[in-house]
Amino acid sequence: MEEAINKEERSLNFLEEIIEEDLKAGKYEQIITRFPPEPNGYLHIGHASSICLNFGLTKKYPGYTNLRFDDTNPVTEETEYVESIKDDIRWLGFEWKHELYASDYFDQLYAFAVALIQKNLAYVDDSSSEEIAAMKGTPTEPGRDSPYRNRPVEENLELFAKMKAGEFADGSRTLRAKIDMAHMNMLMRDPILYRIKHAHHHRTGDKWCIYPMYDFAHGQSDSIENITHSICTLEFVPHRELYDWLIEKLAIYPSHQYEFARRNLNYTVTSKRKLLQLVNEKHVVGWDDPRMPTISGMRRRGYTAEAVREFCDRIGIAKRENTVDIGLLEFFVREHLNRIALRRMVVFDPVKVVITNYTGDEEILTSENNPEDPNGGLRDIPFSNELYIEREDFMENPPKKYFRLAPGQMVRLKSAYIIKCEDVMKDADGKVTELRCTYIPESKSGHDTSGIHVKGTLHWVSLKHAINVEVREYDRLFKVEDPADEEGDFKAYLNPDSLKVVTTAFAEPALKTAKFDERYQFLRKGYFCLDRDSSPSGVIFNRTVGLKDAWAKESKKR
RNA sequence: UGACCCAUGGUGUAACGGUAGCACUACAGAUUUUGGUUCUGUCUGUUAAGGUUCGAAUCCUUAUGGGUCAACCA
C-alpha cells in the first residue's frame with residue numbers, strides 16, 4: 001500500500017509524459033513497444049535498462065511489448081544468442097507478447113522496396129562501396145549523385161529482381177533510396193536499403209541473398225507490428241528523419257521513434273565487440289563470468305533480478321550522457337540481499353583457537369537465519385573446544401579502537417560465548433599458530449548472566465565440524481573508470497586482482513545443504529551464492545558483493 | 001569549419017514561470033551479539049553572460065563545454 005503511494009508520487013520521465021499525453025488525447029487506446037536485440041551477443045546491463053523501460057511501460061500502461069530479433073545481418077547472427085537473450089529477459093521477470101524476427105518480414109520488406117522503386121524513390125546502384133563512400137560527401141560538404149541515380153523505373157525493377165535471384169556478386173550492387181545527396185543529414189544522402197550477401201541466415205537459410213539494412217528493416221518492422229512507441233538510444237536520433245521518411249513514402253502505419261541516453265556504468269565496458277574480445281581471448285571464463293556486466297554474468301554472480309530492476313528503475317531515464325557509479329548497483333544488490341540472505345559463518349583464513357577451560361566435548365548452539373526476518377527461523381551450530389577464527393581478527397599489538405581479539409582482550413563469538421585470549425603460540429618464523437583462550441561459561445548467547453560487555457563479535461567455526469569450501473571473491477573488472485576512453489588497448493586496464501580464489505575456507509556444517517537458489521550472507525564477509533561449477537565433492541561460492549566495511553575505512557585513515 | 005542532441009551537488013535524477021527536492025556517496029553521531037542492518041544530522045548544485053518577467057533551473061539570444069553523424073553494422 002505504502003509502496004503504491006510512493007510510486008505515484010514519483011514523477012514521470014519524459015517518455016511516460018509523452019505516453020500519458022498520447023493516451024489522454026485518445027491517440028492510442030493501448031501502447032505497443034518492442035525490445036529489438038540483434039542476436040549477435042549476450043545481453044548486458046545496458047540492455048537490462050532498455051528491457052525494464054520497454055516492458056515496464058506496458059506494465060504501467062495498457063498495451064504489450066514484443067520481443068523482436070533484429071536479424072538482418074546473417075554473417076554475425078546466431079541462434080545460440082537468441083536462446084540466451086530469451087533466458088535473460090525471462091530471468092529479469094518479463095514476458096513478451098509475440099516472439100518475432102525481422103526476418104519474418106523479408107517478403108514484405110521486399111515488396112516495400114519494389115513499391116519504392118515504382119514510385120521512383122529508389123534505384124539500383126552499380127557503384128562499389130568505395131565509390132559510394134567517395135560520392136557521399138562529408139558532414140560539411142554535399143555529396144554527388146551516383147551515375148546510376150536516374151535509371152528508368154523498369155530497369156531498376158528488373159535489376160532488383162536479378163539481385164534477389166542471385167545473379168550478382170556480393171557488393172556489386174545495392175538498392176538505394178532516392179532522397180537528396182546534398183542533405184544536411186548524411187543518412188538522407190541516398191541511404192542503402194538492400195545489399196547483396198550470399199550468406200546462410202539462421203532462420204531463412206539460403207532463401208535470400210539480399211538483405212535489408214537496419215534503416216529499411218527496423219522502422220518497417222515497427223510499422224508492421226503497429227508499434228506505437230519505438231524507443232531507442234540517442235545515437236539513432238539522426239536516423240529518425242529517415243525512419244519517418246520511409247514510413248511516409250510507403251504510406252504504412254506511422255510508428256514513432258523516441259530516443260533516450262544509454263546508461264553507462266563505470267569500471268566496465270558494454271560494447272559487444274569488447275565483451276566478445278574478453279571472452280574470446282580468455283580474459284574471463286565466458287559470457288557468464290561473474291565479473292562480466294552481462295545479465296548472465298550478474299545472475300551467476302548472485303545479483304537478483306529484483307535488485308537489477310530496482311537499479312534500472314531508480315536511475316531513471318533521460319536524454320543526457322551519463323555514467324552511473326557501479327556502487328549504486330551494488331547498493332541495490334545489498335539492499336535486497338540483506339532482506340533475503342541466510343546468515344552463515346565461514347572462516348576464510350583460519351587461525352586455531354583452543355578453549356582451555358571448556359570441559360565438555362561439544363554442544364549444539366543455535367543462531368538466527370536472518371535477523372531482518374522474524375520468521376526466518378534458527379539453525380544449529382556445533383561448538384567445541386577447538387575452533388577457527390579469521391586470522392585478521394587477532395592482533396598481537398592492536399591499534400586503538402581495535403575491537404577484536406588480542407592478548408588479554410575479550411570478544412564475543414557470535415551466538416556462542418565470550419572468550420579471552422590468554423596465550424599466543426607461534427612457529428619458528430613468528431607466525432601465529434594457535435591462540436589459547438578461556439571462555440566465560442555464564443556468557444552463553446541468549447543466557448548471558450556474566451554482566452560482561454564486549455565491543456567485538458567474531459564469526460567462527462568448530463574445527464572438527466567445519467566443511468571445506470572454495471570461495472571466489474570478485475572485484476571490478478577494470479582498474480579505471482572508463483577503459484574505452486583510455487589510451488591504447490582497453491585490455492591493458494584490466495584489473496589483475498579482479499578474481500581472488502580461496503580454495504580452503506572453512507564453513508559451518510549448515511552450508512553442506514547449500515542450494516542454488518538460496519542466497520547467503522557470510523557473517524562480516526559479504527553476500528555469497530553457490531556457483532554453478534559446484535559439485536557434491538567441491539562446494540564453490542561466489543562473492544556477490546561485500547558488506548560495507550567501516551573498519552577497513554577506519555584503518556585506511558591511519 | 002556544417003547539422004543535430006544535451007547541460008542541476010562527487011554520481012544519477014526531480015522541480016512543467018512561484019521555497020532547488022530525492023536516492024547513492026562522503027562526513028559526524030546514536031543503536032547493535034555482524035565494525036553489517038537501522039536511525040538522526042551535516043557538507044556539496046542550477047556552465048557563463050545578457051534579455052523577457054513582479055518573479056527564471058525553467059522562456060529567448062549568444063557564448064562555452066560534452067556527445068552524435070562521412071559501416072553494403074545495428
Side-chain angles (χ1 to χ4, degrees), chain A residues 9-13 17 36-38 40 70-73 75-77 125 127-129 132-134 136-143 170-176 183-187 189 192-197 210-211 213-215 217-218 232 234-241 259 261 263 266 272-273 314-332 334-335 338-339 343 345 367-368 371-372 401-404 411-416 418 443 445-446 448 453-459 521-526 546-555:
Chain A
E9 277 176 0
R10 204 179 291 172
S11 50
L12 303 177
N13 64 49
E17 280 179 8
E38 183 187 11
N40 68 346
D70 230 331
D71 55 350
T72 58
N73 186 2
V75 296
T76 57
E77 294 152 7
D125 194 331
S127 308
S128 68
S129 174
I132 289 177
K136 190 111 188 175
T138 69
T140 52
E141 305 160 46
D170 285 8
S172 61
R173 284 180 172 81
T174 57
L175 182 74
R176 292 229 260 166
H183 206 287
M184 285 298 185
N185 183 348
M186 299 280 294
L187 283 156
R189 321 242 261 229
I192 292 169
L193 269 21
Y194 265 92
R195 77 285 215 190
I196 302 171
K197 272 182 197 275
I210 56 172
Y211 293 93
M213 296 286 290
Y214 166 85
D215 286 304
H218 202 106
C232 61
L234 244 32
E235 68 265 31
F236 289 97
V237 169
H239 291 252
R240 190 175 63 232
E241 196 170 9
E259 311 87 10
R263 321 309 319 209
N266 58 8
K272 278 190 202 169
R273 206 193 94 251
R314 296 290 293 277
I315 59 178
I317 63 146
K319 296 188 80 157
R320 67 173 141 162
E321 301 292 324
N322 59 81
T323 304
V324 183
D325 194 328
I326 194 147
L328 189 57
L329 211 203
E330 293 176 339
F331 166 80
F332 289 111
R334 285 196 191 97
E335 186 184 59
N338 179 48
R339 295 202 309 267
R343 269 55 171 180
M345 294 198 284
S367 187
E368 69 275 13
E372 307 295 315
K401 293 210 269 182
Y402 184 81
F403 305 145
R404 307 176 185 185
V411 292
R412 151 93 44 199
L413 295 179
K414 172 70 184 175
S415 295
I418 292 174
S443 67
S445 188
D448 189 346
H453 289 283
V454 292
K455 279 244 171 170
T457 300
L458 307 185
H459 62 281
Q521 184 197 101
F522 294 174
L523 247 56
R524 307 206 300 136
K525 284 293 186 184
L547 258 22
K548 284 215 296 198
D549 191 346
W551 171 246
K553 232 181 249 175
E554 179 70 26
S555 25

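These values consider heavy atoms only, across backbone and side chains, with no hydrogens, waters or symmetry-generated copies. Since we're looking at a predicted model, the values are computed, not measured. In the text below, chain A, chain B and the rest are named by the order of the sequence lines, each starting its count at 1.
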**Message:** Over all strands shown, is A:Asn185 touching base, sugar-phosphate only, or nothing at heavy-atom distances under 4.0 angstrom?
**Reply:** nothing
**Message:** Between A:Glu368 and A:Lys414, does any NZ, NE, NH1 or NH2 come within less than 4.0 Å of an OD or OE carboxylate oxygen?
**Reply:** yes
**Request:** Name the nucleic acid region contacted by A:Thr72, choosing base, sugar-phosphate or nothing; use a 4.0 angstrom heavy-atom cut-off, strictly under.
**Result:** sugar-phosphate
**Item:** A:Glu235 CD - B:A3 P separation (whole Å)
**Value:** 22 Å
**N/O donor-acceptor pair, side chain A:Glu372 with base B:G36, under 3.5 angstrom** = yes
**Prompt:** Does the side chain of A:Gln521 come within less than 4.5 Å of A:Leu523's, by heavy atoms?
**Reply:** yes
**Prompt:** Which whole-number value in Å describes the distance from A:Arg314 CZ to B:U11 P?
**Reply:** 19 Å
**Prompt:** Which part of the nucleic acid, if any, lies within reach of A:Arg334 when heavy atoms closer than 4.0 Å are counted: base, sugar-phosphate only, or nothing?
**Reply:** nothing
**Message:** Quiz question: going by heavy-atom distance under 3.5 Å, is there a donor-acceptor pair between the base of B:U11 and the side chain of A:Thr323?
**Reply:** no
**Message:** Taking any heavy-atom pair under 4.0 Å as a contact, classify A:Ser127: base, sugar-phosphate, or nothing.
**Reply:** base
**Message:** Distance check needed: B:U25 C1' versus A:Ile315 CD1, whole Å only.
**Reply:** 16 Å
**Item:** Rounded distance in Å between the P positions of B:G45 and B:G21
**Value:** 12 Å
**Prompt:** A:Pro37 near the nucleic acid: base, sugar-phosphate alone, or nothing, with a heavy-atom cut-off under 4.0 Å?
**Reply:** nothing
